[in-house]
Amino acid sequence: MSANTFKPLEIVIDTREQRPWAFEPWQATVSIGTLRTGDYALFGDFGFSVERKSLDDFLGTISSGWERFQREIWRAKESCFPAFPVVVEGSLAQVCFAWNAETNTVRGPQHNHPNLSPGFVNKRIAELTMMGCSVVFAENAQYASAVAYAILKER
């Protein structure tokens with residue numbers, strides 16, 4: 001496709017998004033609307049959306065918010081979503097213990113859920129995968145929006 005025929009995506013951002021991702025004007029036109037499930041969708045597409053989570057929100061969702069999140073995934077399945085991607089603004093390394101070779105020390109998890117072990121988080125990610133929900137870790141909001149754009153463009 002030549003540069004002259006590229007058409008920006010029409011992305012709808014859910015009204016509940018407090019700090020929406022920014023997209024370049026050549027990438028997408030953006031509108032605010034109510035989405036039944038998820039946070040970002042293509043205009044007129046009721047069968048797919050992308051869920052956005054900060055790292056701490058994701059960890060809360062897979063622990064104390066687990067039942068509610070399972071209901072959201074089932075709503076997506078009822079709407080015949082082919083997949084339900086969750087883009088997390090953070091890294092899996094922030095959840096796990098990490099060895100610092102320079103200081104010969106172990107750094108603990110970098111989040112606000114000290115009772116969640118890396119094993120528990122990995123177990124929940126495996127459960128989500130088996131439910132048709134893919135979890136993608138992106139370091140920050142800029143990377144996360146780029147991943148979401150790529151997913152929506154592929155749709």
Side-chain angles (χ1 to χ4, degrees), residues 6-96 98 108-155:
F6 178 77
K7 184 176 185 248
L9 299 179
E10 295 179 54
I11 297 176
V12 178
I13 301 173
D14 189 71
T15 56
R16 294 166 288 216
E17 272 295 274
Q18 296 173 1
R19 294 174 292 114
W21 287 326
F23 298 94
E24 295 294 335
W26 59 267
Q27 290 180 312
T29 59
V30 174
S31 61
I32 306 297
T34 302
L35 300 178
R36 184 170 183 245
T37 301
D39 298 312
Y40 295 80
L42 295 174
F43 181 79
D45 186 351
F46 302 104
F48 187 78
S49 66
V50 174
E51 177 76 12
R52 173 192 188 178
K53 295 284 183 196
S54 69
L55 180 63
D56 282 318
D57 186 24
F58 174 70
L59 295 174
T61 295
I62 64 169
S63 56
S64 61
W66 183 239
E67 287 79 22
R68 184 200 61 76
F69 192 53
Q70 286 179 304
R71 287 192 301 273
E72 186 168 1
I73 293 168
W74 287 114
R75 271 196 312 273
K77 285 186 175 207
E78 288 171 354
S79 298
C80 299
F81 279 35
F84 189 62
V86 176
V87 179
V88 180
E89 294 176 0
S91 70
L92 190 55
Q94 291 175 279
V95 175
C96 300
Q110 297 174 304
H111 55 78
N112 296 320
H113 299 270
N115 295 329
L116 298 186
S117 70
F120 173 84
V121 174
N122 286 328
K123 179 183 182 304
R124 281 291 202 239
I125 292 170
E127 290 174 314
L128 288 168
T129 300
M130 297 310 294
M131 295 168 68
C133 179
S134 56
V135 178
V136 180
F137 286 91
E139 292 285 324
N140 55 44
Q142 182 181 3
Y143 292 154
S145 67
V147 169
Y149 173 79
I151 292 169
L152 290 168
K153 187 175 178 189
E154 186 66 24
R155 172 67 175 168

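Note that the coordinates shown come from a computational prediction; the quantities given were computed from them, not determined experimentally.
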Engineer: Atom CD1 of Ile62 and atom CZ of Phe120: how far apart are they, to the nearest 0.5 Å?
Structural biologist: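 The CZ atom of Phe120 is 5.5 Å from CD1 of Ile62, to the nearest 0.5 Å.
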Engineer: So do Arg52 and Arg19 actually touch side chain to side chain, heavy atoms under 4.5 Å?
Structural biologist: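 Side-chain contact under 4.5 Å: yes.
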Engineer: Using every non-hydrogen atom in the two residues, find where Pro85 and Ser49 come nearest and quote the distance to one decimal.
Structural biologist: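 Pro85 and Ser49 have their closest heavy atoms at CD-O, 3.4 Å.
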Engineer: Looking at residues at least two apart in the chain, or sitting in another chain, which of them share a salt bridge (Lys or Arg N to Asp or Glu O under 4.0 Å) with Asp14?
Structural biologist: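 Partners of Asp14 under the salt bridge (Lys or Arg N to Asp or Glu O under 4.0 Å) test: Arg16.
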Engineer: Do side-chain atoms of Asp57 reach the backbone of Lys53 as a donor and acceptor pair under 3.5 angstrom?
Structural biologist: no
Engineer: Evaluate the side-chain contact (heavy atoms from CB on, under 4.5 Å) criterion for residues Ile73 and Leu128: first the C-alpha distance (whole Å), next the side-chain angles of each, then the deciding distance (0.1 Å), finally the verdict.
Structural biologist: CA-CA 9 Å; Ile73 293 168; Leu128 288 168; 3.4 Å; yes
Engineer: Please work out whether the ring planes of Phe84 and Phe81 are parallel, tilted or perpendicular, with thresholds of 30° and 60°.
Structural biologist: tilted
Engineer: Within a radius of less than 6.0 Å around NZ of Lys77, do more than 12 heavy atoms belonging to other residues, nucleotides or ligands occur?
Structural biologist: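 Yes.
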Engineer: Let me confirm one number: the CD-OG1 distance from Glu51 to Thr37, rounded to the nearest 0.5 Å.
Structural biologist: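 The distance works out to 8.5 Å.
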Engineer: Compare every heavy atom of Gly90 with every heavy atom of Leu55, then report the nearest pair and how far apart it is.
Structural biologist: CB-CA, 4.4 Å
Engineer: Would you call Phe48 and Ile151 a side-chain contact if the rule is heavy atoms closer than 4.5 Å?
Structural biologist: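 Heavy-atom side-chain distance check passes, below 4.5 Å.
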Engineer: Counting only heavy atoms from other residues, nucleotides and ligands, does the tally under 6.0 Å from CH2 of Trp74 exceed 12?
Structural biologist: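 No, not enclosed.
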Engineer: Could you check whether the rings of Phe58 and Phe137 sit parallel, tilted or perpendicular, using 30° and 60° as the cut-offs?
Structural biologist: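 Answer is perpendicular, since the angle exceeds 60°.
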Engineer: Regarding Arg71 and Glu67, does a basic nitrogen lie under 4.0 Å from an acidic carboxylate oxygen?
Structural biologist: no
Engineer: Using side-chain heavy atoms (C-beta onward) and a distance below 4.5 Å, is Asn122 in contact with Leu92?
Structural biologist: yes
Engineer: Checking Glu139 side chain against Ser91 main chain: does a donor-acceptor pair fall under 3.5 Å?
Structural biologist: no
Engineer: Are there over 12 heavy-atom neighbours, none belonging to Glu127, within less than 6.0 Å of that residue's CD?
Structural biologist: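 Atom CD in Glu127 is packed in, count exceeds 12.
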Engineer: What's the shortest heavy-atom distance between Ala41 and Leu152, and which atoms?
Structural biologist: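 Shortest heavy-atom contact: CA-CD2, 4.1 Å.
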Engineer: Minimum heavy-atom separation for Ala144 and Trp21, please, with both atom names.
Structural biologist: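 That would be CB-CZ2, 3.5 Å.
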Engineer: Looking at CG of Asp39 and CD1 of Ile13, how far apart are the two atoms once the value is rounded to the nearest 0.5 Å?
Structural biologist: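 These two atoms lie 9.5 Å from each other.
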Engineer: I need the Asp45 CG to Glu10 CD distance, nearest 0.5 Å.
Structural biologist: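 Answer for the CG-CD pair, Asp45 versus Glu10, is 11.5 Å.
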Engineer: So which atom in Tyr143 and which in Asn140 form the shortest heavy-atom distance, rounded to 0.1 Å?
Structural biologist: N-OD1, 2.9 Å
Engineer: Taking all heavy atoms of Ser79 and all of Arg36, pick out the closest pair and write down the distance.
Structural biologist: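 Distance-wise, the nearest heavy atoms are OG-NH1, 3.0 Å.
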Engineer: Taking the basic N atoms (NZ, or NE/NH1/NH2) and the acidic carboxylate oxygens, is any pair closer than 4.0 Å for Glu78 and Arg75?
Structural biologist: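 Looking at Arg75 together with Glu78, the answer is no, because their closest N to O distance does not fall below 4.0 Å.
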Engineer: Could you check if a side-chain atom of Phe69 sits within less than 4.5 angstrom of a side-chain atom of Met131, using non-hydrogen atoms only?
Structural biologist: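 A side-chain contact is absent here, since even the closest heavy-atom pair is not under 4.5 Å.
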Engineer: Compute whether any side-chain donor of one residue and acceptor of the other, for Tyr40 and Glu17, lie under 3.5 angstrom apart.
Structural biologist: yes
Engineer: So, taking the atom named CD in Gln94 and the one named CG in Leu59, what distance separates them when rounded to the nearest 0.5 Å?
Structural biologist: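 It is 9.5 Å, given to the nearest 0.5 Å.
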